[in-house]
Amino acid sequence: MADKNELTASGFALRALFALLLVFLTINPAGFSFYHWATTADTGPLALKLLAGVVLLIGWVIYLGATKNAPG
């Protein structure tokens, strides 16, 4: 049985994919990001922007907490 803390290639790829997704959903140079959407006054209701911001914030807290607790 594999060690629970062992990092496999697929586990690394999945973590890297989620990290890139989180970063690019938050802000990216293409202009299709939460930052660009939230700072544009005429797109989408405020409640939806706030909900998306909270979801991204939760994602960042989980990501940074997992990074802090990573072995090594």
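Values in this document were obtained by computation on a predicted structure and should not be read as measured data.
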Item checked: Leu48 and Trp37: CA distance, side-chain angles, deciding distance, side-chain contact (heavy atoms from CB on, under 4.5 Å) verdict -> CA-CA 11 Å; Leu48 189 58; Trp37 177 57; 3.9 Å; yes
Checklist line | Linked, directly or transitively: Leu64 and Leu21 (ILVMFWY side chains, under 4.5 Å) | finding: yes
Check: Would a hydrophobic clustering, with Ile, Leu, Val, Met, Phe, Trp and Tyr connected at side-chain separations under 4.5 Å, put Tyr63 with Val23?
Finding: yes
Next item on the list: To the nearest 0.5 angstrom, please state how far the CG atom of Leu57 sits from the CG atom of Leu50.
Entry: 12.0 Å
Item checked: Distance in Å, Leu20 CG paired with Asn28 CG, rounded so as to fall on 0.5 Å steps -> 11.5 Å
Next item on the list: Compare every heavy atom of Thr26 with every heavy atom of Trp60, then report the nearest pair and how far apart it is.
Entry: NE1-OG1, 2.9 Å
Next item on the list: In sequence, state the C-alpha distance, the side-chain angles, and the governing distance for Phe34 and Ile27, and then conclude on side-chain contact (heavy atoms from CB on, under 4.5 Å).
Entry: CA-CA 6 Å; Phe34 172 75; Ile27 189 165; over 6 Å; no
Item checked: For Ile58, side-chain contact (heavy atoms from CB on, under 4.5 Å) partners two or more places apart -> Val54, Ile62
Distance-only donor-acceptor pairs under 3.5 Å for side chains of residues 7-17, two or more places apart:
from  : atom 1 : to    : atom 2 : distance (Å)
Thr8  : OG1    : Ser10 : OG     : 3.3
Thr8  : OG1    : Gly11 : N      : 3.1
Arg15 : NH1    : Gly11 : O      : 3.2

